[in-house]
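First up is the structure itself, then whatever we jot down about it.
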Amino acid sequence: MGSGYDSSISAKVEYAILYDFYGALLKDKNRSVFEDYMFNDMSLSEISQNFGITRQGVRDIVERSKVRLAGYEERLGLAKRFQNVRAYAKAVKDNVGDIRESMARVSDSYDMDGEFISSIERCLADIENKTDGILEEF
C-alpha cells in the first residue's frame with residue numbers, strides 16, 4: 001500500500017482495501033466505530049452518542065484501527081499481493097489484445113493458414129477467459 005496514510009481520498013480508499021482484508025481482525029466495537037466513521041459518513045458526535053463514548057474516544061478508536069490495519073498489511077502483505085495479481089492479470093489481458101493486433105497485421109500481409117490462426121485465437125480466448133476470471137475474483 002502507499003506510504004503516508006492521511007485523511008485524503010486516496011488514503012480512504014487504501015483504508016477501505018485494508019479493511020476488506022483485515023477488518024475482521026479488529027474488535028467488534030472498534031470495527032463498528034471504524035465502519036460508521038469511514039464508510040457510513042457519520043460524524044464523531046453521532047458515533048459518540050451511539051456508543052456512549054466521547055468524541056475523542058471515537059477518534060482514538062479510528063486512529064488505532066488505522067494503525068492496526070496498516071500493521072497487519074505490513075506483516076502479511078495481502079492487499080499488496082492482491083493489487084499485484086490484479087495488475088498482472090490486466091497486463092496479460094492487454095498482451096492478448098496486442099497479440100491479436102499483431103496477428104491481424106501479419107495475416108493481412110502474409111497468406112496464413114486459417115486453422116493455424118483459429119488455433120491461436122482459441123488459445124488467446126482461453127487466456128482471456130481465465131484472466132477475466134481472475135479479475136472478477138478480485
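Bear in mind that the values here come from a model prediction, so they are computed numbers and not experimental data.
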Fill in the blank from the handout: Residues Leu135 and Arg86: closest non-hydrogen pair is O-NH1, 3.3 Å

Exercise for the section: Report the distance from atom CD1 of Ile47 to atom OG1 of Thr54, rounding to the nearest 0.5 Å. Expected result: 12.0 Å

Exercise for the section: Starting at CD of Glu35, measure out to CG of Asn30 and round the result to the nearest 0.5 Å. Expected result: 11.0 Å

Problem - side chain to side chain contact (heavy atoms under 4.5 Å, CB included) between Met103 and Leu124, intermediate numbers included - result: CA-CA 11 Å; Met103 283 178 41; Leu124 291 174; 3.8 Å; yes

Fill in the blank from the handout: d(Lys66 NZ, Leu26 CG) to nearest 0.5 Å is 13.0 Å

Can you give each donor-acceptor pair under 3.5 Å made by side-chain atoms of residues 56-63, sequence neighbours left out, with the distance rounded to 0.1 Å?
{"unit_1": "Gln56", "atom_1": "NE2", "unit_2": "Asp60", "atom_2": "OD1", "d": "2.8"}

Exercise for the section: State, yes or no, whether a side-chain contact exists between Leu25 and Arg68 at a heavy-atom distance under 4.5 Å. Expected result: no

Practice task
Count the heavy atoms of every other residue, nucleotide or ligand shown that sit under 6.0 Å from OH of Tyr37, and state whether that count exceeds 12.
Solution key: no

Practice task
Tell me whether Val67 is reachable from Val33 by hopping between hydrophobic residues (I, L, V, M, F, W, Y) whose side-chain heavy atoms are closer than 4.5 Å.
Solution key: no

Exercise for the section: State, with a plain yes or no, whether a side-chain heavy atom of Arg105 is found less than 4.5 Å away from one of Glu101. Expected result: yes

Exercise for the section: Please name all residues satisfying salt bridge (charged side-chain N to carboxylate O under 4.0 Å, His left out) with Glu121, sequence neighbours left out, ordered by chain then number. Expected result: Arg100

Handout entry: Under-4.0 Å salt bridge between Asp126 and Lys130
Key = yes

Practice task
Grab the two heavy atoms, one from Ala89 and one from Ile134, that are nearest each other, plus how far apart they are.
Solution key: CB-CG2, 3.8 Å

Exercise for the section: For side chain to side chain contact (heavy atoms under 4.5 Å, CB included), just list the numbers for Met38 and Tyr15, CA-CA rounded to whole Å, side-chain angles, deciding distance to a tenth of an Å, and then say yes or no. Expected result: CA-CA 9 Å; Met38 294 295 287; Tyr15 282 117; 3.9 Å; yes

Practice task
Assess the side chains of Ser48 and Arg55: does a donor N or O sit below 3.5 Å from an acceptor N or O?
Solution key: no

Exercise for the section: Would you indicate whether Asn129, at its atom CG, is surrounded by more than 12 heavy atoms from other residues, nucleotides or ligands within a distance under 6.0 Å? Expected result: yes

Handout entry: Smallest separation among heavy atoms of Phe34 and Leu69, with atom names
Key = CZ-CD1, 3.7 Å

Exercise for the section: Evaluate whether atom CZ of Phe39 has more than 12 neighbouring non-hydrogen atoms of other residues, nucleotides or ligands under 6.0 angstrom away. Expected result: yes

Handout entry: Cation-pi, Phe51 ring and Lys29 (6.0 angstrom, 45 degrees)
Key = no

Exercise for the section: Using the rule that two of Ile, Leu, Val, Met, Phe, Trp, Tyr join whenever any of their side-chain heavy atoms come within less than 4.5 Å, decide whether Ile117 and Val96 are in one cluster. Expected result: yes

Handout entry: Nearest heavy-atom neighbours spanning Thr131 and Lys93
Key = CG2-CB, 3.9 Å

Fill in the blank from the handout: Here the ring-ring contact (aromatic ring centres under 6.0 Å, His included) pairs for residues 54-86, sequence neighbours left out, are Phe21-Phe82, Tyr22-Tyr72, Phe82-Phe138

Practice task
Indicate the atoms forming the closest heavy-atom contact of Glu73 with Leu78, along with that distance.
Solution key: OE1-N, 3.3 Å

Exercise for the section: Any chance you could measure Leu18, atom CG, to Glu74, atom CD, to the nearest 0.5 Å? Expected result: 11.5 Å

Completion exercise
Output for pair (Glu46 CD, Asp41 CG), nearest 0.5 Å, gives 8.5 Å

